[in-house]
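Reviewing the structure listed below.
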Amino acid sequence: MKSQTHLLSGPLLVSGSENPAPRQGGVPPSVQALEISVTDASIDDGDPVPAWIQTHVQHVVHRRWMPIRRRLYTAWHRSGDDQLAKRAERLNMCCASPMVQKGVDGASKTRMMRCRDRLCPLCAIKRSERLGSQLVAAVSKMDDPRHIVLTAPAVPDFLREQIDGLRHAFRALRRSDQWSGTQRGGVYSIEVTLNKKTGLWHPHLHIITDGEYIAQNTLVDEWRRALQTSGIWSEVRDDQAVVVWIERVGNRRRLADYIGKYVAKPAELESWPEDALCEYAVAMRGARLVHAFGSLHGMKLESDDEPNEQAEPGVVLAVLPIINAARRGDALAIAVCASSRAHGHAWDQWAGVDTPPEEIERVAGYEVDEEAWWNAVRCLHHEYATGLRGWLRERTPDPVPTEPPWW
Ligand SMILES: [Zn+2]
């Protein structure tokens, strides 16, 4: 398992290397230096953790990430930190109970009610999609963009302090004559990897900057000087190597897309020990993923505060009771789920139930008649989600007939 697959997977997104040393396969030296071997960490089952409960919808929606979701949930609860425990519960509820809304325009839409946690794998993908398009917009305005990776020597400090230190150092670098004389502005993000052997963090900066040629050895010297002002890396010696990677950007759209993906991706969490999952979660909380600087300063980057979906006027109903009814074999619910795809929903996938032959005609009818389908949705909702009728019918045993009195 590679820790830096995002860099290894598309090494030739950029062209015209300005780095002096030849390399193999276009892999930046920072990647080789940071590459780590990974073993699976086991989870102790010793201490009590509140129950991990997932609805069937979650099992379908989050199926690719169930192990890491469960590890995050466990680690955050065991941490003893109230904030992390709350985040664990929000993560646990991500997409648990989708709602369907029918707006005043007549169109129906399923709302997923996501947790929006920085470390939630599904929410990270959604964030990266938005971020990718923002980065494309930023890079497309640049005349001559370059991709720069700046790393710092591994130190045992807290991750949050290292991140602050890197930001401080990068500000110092931008004030230097060598940088300010050649680079106009751009965007940068901080990526974090963990060296499993040493247990040390490796935060590093990815920058897309618009400007002119800057020699790599010049940048190495300036970056070392900048690091020395940061406190954390004040001990870095003048002859110490710091890893710096520069490449001119060839295909801008692909570069921006791929940066968007790794920026929003919650690192390689799967293999991290529990204390690292907690420290990373706390350190990255509220930290912005992407910053604009220089000529792009002030550019709108919405990646950090994903807006909550605005409530619109209309009818809102819970979908989960309908999914559950279909899974229990309710014929109407099965038909409603099977025909939902025709109206832009994926309830058939969530229910995962085959349509019985006698319902095929009803499904076809609902597919062409949106109003009939919606009426059936309301009917089911009324049956199973409001009041106790459905619940009672399922759980209350038939009344035992009372014997007639002896007289
Ligand atoms: Zn989520």
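Counting starts at 1 for both ligands and their atoms, in listed order. Nothing fancy with the numbering, it's 1 onward along the sequence. We use all heavy atoms of the structure for the numbers below, so side chains are in, but hydrogens, waters and symmetry mates are not.
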What are the protein N, O or S atoms, given as residue plus atom name, that sit under 2.8 Å from the Zn ion (ligand 1)? C94 SG, C115 SG, C120 SG, C123 SG
Counting only heavy atoms from other residues, nucleotides and ligands, does the tally under 6.0 Å from NE2 of H59 exceed 12?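 Yes, NE2 of H59 has more than 12 neighbouring heavy atoms, counting only those of other groups under 6.0 Å.
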D354, CG atom: more than 12 neighbouring heavy atoms under 6.0 Å: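 No, because the 6.0 Å sphere around CG of D354 holds 12 heavy atoms or fewer from other groups.
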Heavy-atom pair of closest approach, residues V353 and A326: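 Of all heavy-atom pairs spanning V353 and A326, the closest is CG2-O, 3.7 Å.
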Checking salt bridge (Lys or Arg N to Asp or Glu O under 4.0 Å) against D117, which of R69, R87, R285 comes through? R87
I'd like to know if E367 pairs up with R362 as an ion pair, taking the criterion as any Lys NZ or Arg NE/NH1/NH2 lying under 4.0 Å from an Asp or Glu carboxylate oxygen. no
What about the rings of W347 and W373, do their centers lie closer together than 6.0 Å?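 Close enough - the centres of the two rings lie under 6.0 Å apart.
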